[in-house]
Amino acid sequence: MIIENRSPIVRVATFSDIPDVVEIHIAAFPSFFLTQMGPAFLSAYYNLVISHTDGILLLTEGDNHETSGFVAGSMNPAQFYQVMSKRKWEFVLPIALGVINNPSLIGRILENYQKSRKFSKVENTSHPGTPCELTSIGVASSSENRGIGKILTNAFIEEVRGRGGSYITLTTDALDNDRVNSFYVKNGFTFSIKIVAPGQRIMNEYVMHLAPSEVIVDK
């Protein structure tokens with residue numbers, strides 16, 4: 001018997017996919033702030049990404065239709081944070097649940113709220129054109145080392161290009177994170193600046209400028 005290992009299908013996520021996305025997110029980022037906020041918060045966040053016009057949430061699935069990974073982000077991130085601020089009431093209960101389970105999160109919540117308000121008022125002027133922010137890529141543990149991350153990254157790039165995006169930015173931990181930083185460089189992103197995020201977390205910002213005819217694939 002011959003078993004074919006087919007490339008996973010990449011498709012746009014729907015509301016019914018949110019539980020799978022949340023499960024992968026929690027497993028992929030166990031100690032990160034959004035994970036610490038709990039499944040209810042993550043569900044509300046990814047619900048917003050799907051429902052927002054400029055939100056992007058793509059996922060991969062295999063022959064058995066199981067979700068193997070996802071990539072999330074948004075066009076015009078300042079406008080996305082504006083919408084998030086206006087729809088803050090959708091996050092009240094999830095935030096309350098997160099604080100009940102972990103009261104130490106209160107300080108981080110206030111810092112991140114101030115950050116989102118700041119970003120909602122300021123467009124990134126360091127790069128010309130239409131911006132896009134890649135916020136997270138998560139791959140299921142059962143699908144690691146199969147190139148899923150590269151497939152999702154390329155799909156995200158093409159989605160942004162199709163929407164008329166001029167460049168993509170992302171941030172990731174600068175310390176003890178060599179594999180992830182190397183991944184983005186190999187896939188066409190260029191280091192931009194270091195950022196001190198809430199909680200004194202040191203982050204690297206990367207940027208990729210897009211041209212209509214440009215195709216970037218890590219080989």
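Counting heavy atoms from C-beta outward, Leu42 and Met37 have side chains that stay 4.5 Å or more apart. Within the 4.5 Å cutoff, no side-chain heavy atoms of Leu134 are placed close to those of Thr169. No side-chain heavy atom of Phe183 sits under 4.5 Å from any side-chain heavy atom of Thr172. Considering only heavy atoms from C-beta on, Val71 stays 4.5 Å or farther from Thr153 through its side chain. You'll find the side chain of Pro8 reaches within 4.5 Å of the side chain of Ile151, heavy atoms only. Between Leu48 and Phe80 the shortest side-chain heavy-atom distance falls below 4.5 Å. Contact annotation: the side chain of Pro131 approaches that of Asn76 to within less than 4.5 Å [non-hydrogen atoms, C-beta and beyond]. Under the 4.5 Å side-chain criterion, counting only non-hydrogen atoms from C-beta, Met208 is in contact with Leu210.
We find the OG1-CG distance between Thr14 and Leu57 to be 9.0 Å, quoted to the nearest 0.5 Å. Going from atom CG of Leu170 over to atom SG of Cys132 covers 10.0 Å, rounded to the nearest 0.5 Å. To the nearest 0.5 Å, atoms CZ (Phe29) and CD1 (Ile24) are separated by 10.0 Å. Ile56 contributes atom CD1, which lies 4.5 Å from atom CZ of Arg163 (distance to the nearest 0.5 angstrom). Here Thr171 contributes atom OG1 and Glu205 contributes atom CD; the two are 7.5 Å apart, rounded to the nearest 0.5 Å. From Arg179, atom CZ reaches atom CG of Asn177 across 9.0 Å, with rounding to the nearest 0.5 Å.
A donor-acceptor pair under 3.5 Å links the side-chain atoms of Thr135 to the main chain of Ala72, judged by distance alone. Without hydrogens or angle criteria, Ser166 side chain to Thr130 main chain gives a donor-acceptor distance under 3.5 Å. A donor-acceptor pair under 3.5 Å links the side-chain atoms of Ser51 to the main chain of Asn47, judged by distance alone. A distance-only check finds no donor-acceptor pair linking the side chain of Ser143 to the backbone of Val139 [under 3.5 Å].
The two residues Ile148 and Ser68 come nearest to each other via the heavy atoms CD1-OG, 4.0 Å. Across all non-hydrogen atoms, the minimal contact from Val22 to Ser43 is CG2-OG, 3.7 Å. When all heavy atoms are compared, the tightest approach of Pro19 to Ser16 is CD-O, 3.5 Å. Taking both residues in full, the closest heavy atoms of Leu59 and Ala13 are given as CD2-CB, 3.7 Å, listed atom of the first, atom of the second, then distance.
Taken together through direct or relayed side-chain contacts under 4.5 Å among Ile, Leu, Val, Met, Phe, Trp and Tyr, Ile195 and Phe191 form parts of separate hydrophobic clusters. A continuous path of ILVMFWY side-chain contacts below 4.5 Å connects Val12 to Val160, so both sit in one hydrophobic cluster. Cluster membership for Met203 and Val207, using ILVMFWY side-chain heavy atoms within less than 4.5 angstrom, is not shared. Under the 4.5 Å side-chain contact rule for hydrophobic residues, Met84 and Phe15 share a cluster.
Checked against ring pair (Phe, Tyr, Trp, His ring centres under 6.0 Å), Tyr46 has the following partners two or more places apart in sequence or in another chain: His25, Phe70.
Tested against Arg11, the residues Asp17, Thr60, Thr67 include a single side chain to side chain donor-acceptor pair (under 3.5 Å) partner, Asp17.
The environment of CD in Glu61 is crowded: more than 12 heavy-atom neighbours from other residues, nucleotides or ligands sit within 6.0 Å.
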Open item on the list: Go through it in stages, so that I can follow the logic: the residues are Ile168 and Phe156, the test is side-chain contact (heavy atoms from CB on, under 4.5 Å), and I'd like the CA-CA distance, side-chain angles, deciding distance and then a yes or no.
Closed with: CA-CA 10 Å; Ile168 302 169; Phe156 188 88; 4.0 Å; yes

TODO: Show the numbers, then the answer: is there a ring-ring contact (aromatic ring centres under 6.0 Å, His included) between Tyr184 and Phe189?
DONE: CA-CA 5 Å; Tyr184 286 121; Phe189 288 86; 5.7 Å; yes

Task: CA sep, side-chain torsions, deciding dist, call: Val196, Ile202, side-chain contact (heavy atoms from CB on, under 4.5 Å) - done: CA-CA 5 Å; Val196 180; Ile202 308 301; 3.9 Å; yes

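A donor and an acceptor atom, one from each side chain of Asn204 and Lys194, are located under 3.5 Å apart.
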